[in-house]
Amino acid sequence: HSAHDRLAFHRHESAYIALPLEGSYEESSADGRFACAPGIAVVHGEWHMHADRFTGAGGRVLNIDLPSGAVPPGGSAAVTVDFVEIEKLARRQPARAAAAVLETWASAGDPAGAGSGLVYAFLRSVRLSPAARIAELAAELGVSREHLARRVKAHLGIGPSRLRSEWRFRCAAELLARGESLARVAVAAGYSDQSHMTRDIKARLGRTPGRLGRLSRPRR
């Protein structure tokens, strides 16, 4: 990537690990904002949506594929790794390199949403209550809806309502991957009804919730 490259919000169908090898960039998503540089790998679940902004040094990033079902759909997490050793392993045995990063992630815990401040407090709240109104969440955090919207948009480049709908979609994708019924998923994820969920998922991915569930389950 060239200096100051910017990638607008986009969605990856497959799960993968981004391993920065040179330069640095910031990744923004519903998980927050990650500073990405050599030594920090970012694990992405299937259907993850994010934006990237490279610094003046540009960057070189190695993507390592993950098998379907290896990590929860939609989410991401930053993991501290020995990028030199992981790159060497990935060039020869990418599956082993991916397993090594996931093992490091599992032992370190998931840092997603671990930031401080108003934006991360909002992300934690909306993750727990994806059906809640933005005004209600703002009131719980002691700010106006307008103030919350300004802070979230400035930090992540995306507004609270869109983040809330992304968390709702993620919740549905994870439950569908477990084989839950469509009606049950729609209620648990905060959709008004099953038809609402179907329309939302088809608009995002071009496929029905039932097909999404089949694709997201681990391959045996």
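All values below come from the heavy atoms of this structure, side chains included, with hydrogens, waters and symmetry mates left out.
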Quick one: do Glu146 and Arg150 make a salt bridge, cutoff under 4.0 Å? no

Side-chain heavy atoms nearer than 4.5 Å, only ILVMFWY residues, links allowed to pass through others: does that put Ile86 and Leu102 together? yes

Has Arg60 got more than 12 heavy atoms of other residues, nucleotides or ligands less than 6.0 Å from its CZ? yes

For a 4.5 angstrom cut-off between non-hydrogen side-chain atoms, does Arg170 reach Glu174? no

Of all heavy-atom pairs between Pro72 and Trp105, which one has the smallest distance, and what is that distance? CD-CH2, 4.5 Å

Donor-acceptor check, side chain of His147 to backbone of Val143, threshold 3.5 angstrom: yes or no? no

Audit row: Leu182, Thr198, side-chain contact (heavy atoms from CB on, under 4.5 Å) steps and yes/no: CA-CA 9 Å; Leu182 298 185; Thr198 298; 5.6 Å; no

Restricting to non-hydrogen atoms, name the atom on Val61 and the atom on Ala18 that form the minimum distance, rounded to 0.1 Å. CG1-CB, 3.9 Å

Side chain to side chain donor-acceptor pair (under 3.5 Å) partners for Tyr191, two or more places apart: Asp200

When you look at Arg91 and Leu62, which way does the side-chain contact (heavy atoms from CB on, under 4.5 Å) test go after all the steps? CA-CA 10 Å; Arg91 301 293 185 189; Leu62 175 66; 3.7 Å; yes

Would a 4.5 Å heavy-atom cut-off, applied to side chains only, mark Phe122 and Arg151 as touching? no

Tell me, with the steps shown, if Ser28 and Arg53 meet side chain to side chain donor-acceptor pair (under 3.5 Å). CA-CA 8 Å; Ser28 298; Arg53 183 177 64 181; over 6 Å; no

Specify the closest pair of heavy atoms between Ala189 and Cys171, including all atoms of both residues, with the distance to one decimal. CA-SG, 3.7 Å

Which atom names give the shortest non-hydrogen contact between Leu163 and Ala30, and what distance separates them? CD2-CA, 3.5 Å

Among all residues two or more places apart in sequence or in another chain, which pass the ring-ring contact (aromatic ring centres under 6.0 Å, His included) test with Tyr16? His12, His44

Separation of Trp47 CH2 from Glu13 CD (nearest 0.5 Å): 4.0 Å

Side chains of Asp31 and His50, heavy atoms from C-beta outward: is any pair under 4.5 Å? no

According to a 4.5 Å side-chain heavy-atom criterion applied to Ile, Leu, Val, Met, Phe, Trp and Tyr, with indirect links allowed, do Val71 and Val81 form part of one hydrophobic cluster? yes

Ile17 and Leu7: same hydrophobic cluster, using ILVMFWY side-chain contacts below 4.5 Å? no

Give, for atom NZ of Lys88 and atom CG of Asp82, the distance between the pair rounded to the nearest 0.5 Å. 8.5 Å

Heavy-atom closest pair (Glu46 atom, Gly69 atom, distance to 0.1 Å) is OE1-N, 3.5 Å

Is any side-chain heavy atom of Arg127 closer than 4.5 Å to a side-chain heavy atom of Arg124? no

Single-linkage hydrophobic cluster, 4.5 Å side-chain cutoff, Leu141 and Trp167 together: yes

Evaluate the side-chain proximity of Tyr120 to Arg33: yes if any heavy-atom separation is below 4.5 Å, no if none is. yes

Heavy-atom check, side chain of Glu27 versus side chain of Ile40, under 4.5 Å: no

Mind running side-chain contact (heavy atoms from CB on, under 4.5 Å) on Ser181 and Gln194 for me, showing each step along the way? CA-CA 10 Å; Ser181 71; Gln194 186 175 323; over 6 Å; no

Are Leu19 and Tyr25 connected in the hydrophobic side-chain network, where two residues link if heavy atoms are under 4.5 Å apart? no

In terms of heavy-atom contacts, does CZ of Arg133 have more than 12 from other residues, nucleotides or ligands at under 6.0 Å? no

When rounded to the nearest 0.5 angstrom, what distance separates NE2 in His48 from OG in Ser29? 3.5 Å

Taking every heavy atom of Phe9 against every heavy atom of Gly157, the minimum-distance pair comes out as CE1-O, 3.5 Å

Does the side chain of Glu166 reach to within under 4.5 Å of the side chain of Arg204, using non-hydrogen atoms? yes

Derivation of the side-chain contact (heavy atoms from CB on, under 4.5 Å) call for His4 and Phe54: CA-CA 5 Å; His4 305 297; Phe54 285 81; over 6 Å; no

From Leu156 CG over to Lys153 NZ, what is the distance, rounded to the nearest 0.5 angstrom? 11.0 Å

Ser129 side-chain N/O to Val126 backbone N/O, donor-acceptor pair under 3.5 Å: no

Nearest-0.5 Å distance, NE2 of residue His1 to OG1 of residue Thr55: 12.0 Å

How about Ile201 and Leu176: do any of their side-chain heavy atoms sit closer than 4.5 Å? yes

